[in-house]
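Structure, as structure tokens:
Everything numeric here is computed off the predicted structure, so don't read it as measured data.
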2 protein chains.
Amino acid sequence: MAASKDPRPCSIADTLALVGEKYSLLVLREVCLGNGRFDQLVRNIGAPRDILATRLKRLVEAGILAKKMYSERPQRFEYRPTAAGLELESVLMTLMAWGDRHLRRDDDRPMVIEHNCGKPLLPVVTCSVCGDEVRHEDLTAHPQAPGWTVSGPAAP
Amino acid sequence: MAASKDPRPCSIADTLALVGEKYSLLVLREVCLGNGRFDQLVRNIGAPRDILATRLKRLVEAGILAKKMYSERPQRFEYRPTAAGLELESVLMTLMAWGDRHLRRDDDRPMVIEHNCGKPLLPVVTCSVCGDEVRHEDLTAHPQAPGWTVSGPAAP
DNA sequence: GGCGAGAGTTGGATTTTCCAACTCATAGAG
DNA sequence: CTCTATGAGTTGGAAAATCCAACTCTCGCC
């Protein structure tokens, strides 16, 4: 899914080129939960089997998943996240947090993640230097490559 | 983009149903940078104009963007993020961080975001309760709704 | 020998995307 | 006043992706 026509160089776009296609991030969700078998994926995600097969190939190529044999005879496989794949879990967590906040009435969350501090996880994106929560108004974009113009931060 | 066939209830899936289609998150990127005009979006994203028009309608409907008039005669519009849209910026930051880490050699990042603490932003997802960085092995999933089975955390 | 599970493939119908060209309103140049 | 340009989209048809049900192939088990 390369973003067509001479777009800006951008790590967001490049990452989405790998995981931005329909179902890809849901595959990662399942795989992070330990549900890495083909038929589990089909059932839990509700994706067509052929599309799923395509996505899995792509994610393995990209080094986000690894295909592991869990039974030799009969040959059976399972997909697991690589280290790089696990790092994408933070994307899933922020997506889930947003959905829980904006798409659901109160506390009917379909899933709660428990952090090992003992509390339900409410993930927050912070600056690794100062530790503060990242807020739009505290950010300034500095394009490093040609092709970028920034009109100044957007206010709602 | 509803994930077909009776899938699991899931806030990740629901959020992706709104912003998971091709170009949608890139639109959000541009709009967060303040580049909210139609032709800017076309140029910076490299998306077909008709698709972009469709995405914009959807994002406005979803309450992620708002369409504002910035000139009455001639009538000219601009898209801006709503508060909910701005909250999705954390997703963009985590995607960018992943791409910078895994898809680029060293320090040729196409864009550096400066945090108002004065340093280049390196975003980290943390637990809002204990403040620790969120790592896969510290998480336990607790399904709240039917349709979920979890095989236990996945190891790479 | 037949049944069933797991992990995919295959072929054809349906949807989306893509692309270039077109519209429409207005502003400014000559 | 005509001509060109700009912004913000629409339109129509070709090309690509998706969806779906059915099929394959390999074993293990009763």
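- Under the side chain to side chain donor-acceptor pair (under 3.5 Å) criterion, A/S11 pairs with B/D100, B/R104, sequence neighbours left out.
- The side chain to side chain donor-acceptor pair (under 3.5 Å) search around A/Q75 returns none, not counting sequence neighbours.
- Side-chain proximity of B/Y70 to C/dC18, D/dG7, C/dT10: nearest is D/dG7.
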- Query: What's the verdict on salt bridge (charged side-chain N to carboxylate O under 4.0 Å, His left out) for A/E87 and B/R101, showing C-alpha distance, side-chain angles and the deciding distance?
  - Reply: CA-CA 10 Å; A/E87 283 181 52; B/R101 246 176 82 67; 2.7 Å; yes
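- Residue whose closest nucleotide on DNA chain D sits further toward the 5' end, between A/R55 and B/Q40: B/Q40.
- Regarding contacts with the backbone of D/dG9, a side-chain N or O of B/Y79 is found under 4.0 angstrom from either OP1 or OP2.
- Residue contacts shown for A/F77 are limited to sugar-phosphate atoms, with no base heavy atom under 4.0 Å away.
- Hydrophobic cluster membership for A/V112: none, as no Ile, Leu, Val, Met, Phe, Trp or Tyr side chain comes under 4.5 Å of it.
- A search for salt bridge (charged side-chain N to carboxylate O under 4.0 Å, His left out) contacts involving A/E137 returns A/R135, not counting sequence neighbours.
- Checking C/dG8, D/dG9, C/dC18 against the side-chain heavy atoms of B/I51 singles out C/dC18 as nearest.
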Atom pairs, protein N/O to nucleotides 22-30 of chain D N/O, distance under 3.5 Å:
unit_1, atom_1, unit_2, atom_2, d
D/dG28, OP1, A/R73, O, 3.1

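- In the set D/dA8, C/dA7, C/dC18, the nucleotide with an atom closest to the side chain of B/Y23 is C/dC18.
- Residues meeting the side chain to side chain donor-acceptor pair (under 3.5 Å) test with A/E78, sequence neighbours left out: none.
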